[in-house]
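Contents: one structure, followed by commentary.
Worth saying up front: this structure is predicted, and the values here are computed from it rather than measured. A note on names: the letters A, B, ... follow the listed sequences, proteins ahead of strands, and every chain is numbered from 1.
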Number of protein chains: 2
Amino acid sequence: MRIEDEIKGRFRNDYHKGMINMTYTVKQLSYDFLQLLKNHGLTEPQYNIMRVLRGNRSGRPASIGYIKERMLDKSSDVSRIIDRLHGKGYIDRTENSEDRRQKVIAITGKGLDLLDKMDDCEKKVDKLLENLGPDEVNELNRLLDKIRG
Amino acid sequence: MRIEDEIKGRFRNDYHKGMINMTYTVKQLSYDFLQLLKNHGLTEPQYNIMRVLRGNRSGRPASIGYIKERMLDKSSDVSRIIDRLHGKGYIDRTENSEDRRQKVIAITGKGLDLLDKMDDCEKKVDKLLENLGPDEVNELNRLLDKIRG
DNA sequence: ATAAATTAATTGTTTCAACATATAATGTTC
DNA sequence: GAACATTATATGTTGAAACAATTAATTTAT
């Protein structure tokens, strides 16, 4: 549906419309994804952190800062999100004896089990843009990269 | 810059990449805009509500529900955002004698003055996508509309 | 005309973003 | 090695999103 029809209100020009359109589309797609996450009791940043921890094959232990670097949202409040995941038993948090300022964060067996059960969430992400053909997705990626300069 | 280089981590496929790319791009553009708003002491939803109120040439008084319909974020907590704007003196809020469930929300002179001074914010929105040519913006809008089906 | 359903707005709760500040450990410099 | 700077994390605060639940006014149904 055209964005003009979904949101009451007018746009000054196509550039204005483009920005609103993008914001609105991301919001709508994220919502669909969020509903799935909620079935498993996780929020989006919680899920992202769990995936970062599972994906850590770097050999190095993951610190708060390591996780932060890999989050979409760099200003994200990793300390407190880790708190909540720890409370649910999905994460271990120990002091790093190499550098006692750092914490060593690791996903637990319980956390890994949960992620395994959340396979449908990964599949969902790959389907959010399914209305576009392969060429169109590439064109979208090109335009987005160009926007950011 | 290509999204692969800005975010550490890999994508399963172009569809996955497209969704992350869009989310990340919106986040970055919104941040630029937010900084401008902050100079004027408003948050994004506060600014949006003020603009809806200024733009209300419908003759009808604006209720909470009227504003909600025109917000990008339909689940937005208009009541409490209105509270804060009222606290700053930018909005009047009175009971609607026609239907005493409703409130009549109106922007004050002080609010209008503020919006006039925030001209730079409107200009900024129109420039967020300036890296794209006119045809590219149209193509972007077409793709976004198609994504939402 | 009264009861039931709907609507408009408010309030409460949890989680998070964005920001500032604090605290403790480690590095650097003189 | 003592003073200072930097780094890693934690904490505090405000504003907001996403829900649920509540309250009060209006509409509908019987």
In 5'-to-3' order, the base (B), backbone-only (S) or no-contact (-) status of each nucleotide in nucleotides 21-28 of chain D, using a 4.0 angstrom heavy-atom cut-off, is ----BS--

Looking only at the side chain of A/S75 (C-beta and beyond, no hydrogens), which of the listed nucleotides D/dT11, D/dC19, C/dA17 gets closest?
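Closest nucleotide among those given: C/dA17.
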
Look at the side chain of B/Q35 and decide which nucleotide, out of D/dT9, C/dT10, C/dC19, has an atom nearest to it.
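Closest nucleotide to the B/Q35 side chain: C/dC19.
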
[X] side chain N/O closer than 4.0 Å to the phosphate oxygens (OP1, OP2) of [N]?
| X | N | result |
| --- | --- | --- |
| B/S63 | C/dA9 | yes |
| A/Y31 | D/dC19 | yes |
| A/K27 | D/dA17 | no |
| A/K68 | D/dT9 | no |

d([atom1], [X]; [atom2], [N]) in whole Å:
| X | N | atom1 | atom2 | answer |
| --- | --- | --- | --- | --- |
| A/M71 | C/dA18 | CE | C1' | 14 Å |
| B/N48 | D/dG15 | CG | C1' | 14 Å |
| B/D83 | C/dT10 | CG | C1' | 9 Å |
| B/L72 | D/dA17 | CG | P | 11 Å |
| B/L34 | C/dA17 | CG | P | 14 Å |

Holding to salt bridge (Lys or Arg N to Asp or Glu O under 4.0 Å), I want the full list of residues that pass it with A/K123, two or more places apart in sequence or in another chain.
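Scan of A/K123 (salt bridge (Lys or Arg N to Asp or Glu O under 4.0 Å), adjacent residues dropped) gives A/D119.
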
Looking at residues at least two apart in the chain, or sitting in another chain, which of them share a salt bridge (Lys or Arg N to Asp or Glu O under 4.0 Å) with A/R101?
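Listed in chain order: A/D99.
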
Find every protein N or O atom lying less than 3.5 Å from an N or O atom of nucleotides 13-15 of chain C, and list the pairs.
none

Whether over 12 other heavy atoms sit under 6.0 Å from A/K127 NZ
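At most 12 heavy atoms, drawn from other residues, nucleotides or ligands, come within 6.0 Å of this atom.
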
Give a yes or no on whether B/Q35 atom CD has more than 12 heavy-atom contacts from other residues, nucleotides or ligands under 6.0 Å away.
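For B/Q35, atom CD is crowded (more than 12 foreign heavy atoms under 6.0 Å).
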
Residues two or more places apart in sequence or in another chain: which of them pass ring-ring contact (aromatic ring centres under 6.0 Å, His included) with B/F33?
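For B/F33, the residues satisfying ring-ring contact (aromatic ring centres under 6.0 Å, His included) (neighbours in sequence not counted) are B/Y47.
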
5'-most by nearest nucleotide on DNA chain D - A/Q102 or B/I81
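Upstream on the strand: A/Q102.
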
List the steps and the verdict of side chain to side chain contact (heavy atoms under 4.5 Å, CB included) for A/L37 and A/C121.
CA-CA 7 Å; A/L37 285 186; A/C121 294; 3.7 Å; yes

Polar side-chain atom of B/N56 near backbone of B/R60 as donor-acceptor pair, under 3.5 Å:
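Yes, B/N56 side chain to B/R60 backbone: donor-acceptor pair under 3.5 Å.
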
Pair B/E69 + B/K74, salt bridge at N-O below 4.0 Å
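Answer for the salt bridge query: no.
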
Quick one: on DNA chain C, does A/D73 or B/V78 contact a more 5' nucleotide (nearest heavy atom)?
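It is B/V78 whose nearest nucleotide is closer to the 5' end.
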
Going by the rule side chain to side chain contact (heavy atoms under 4.5 Å, CB included), which residues pair with A/L112 if we only count those two or more places apart in sequence or in a different chain?
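Listed in chain order: A/R54, A/I107.
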
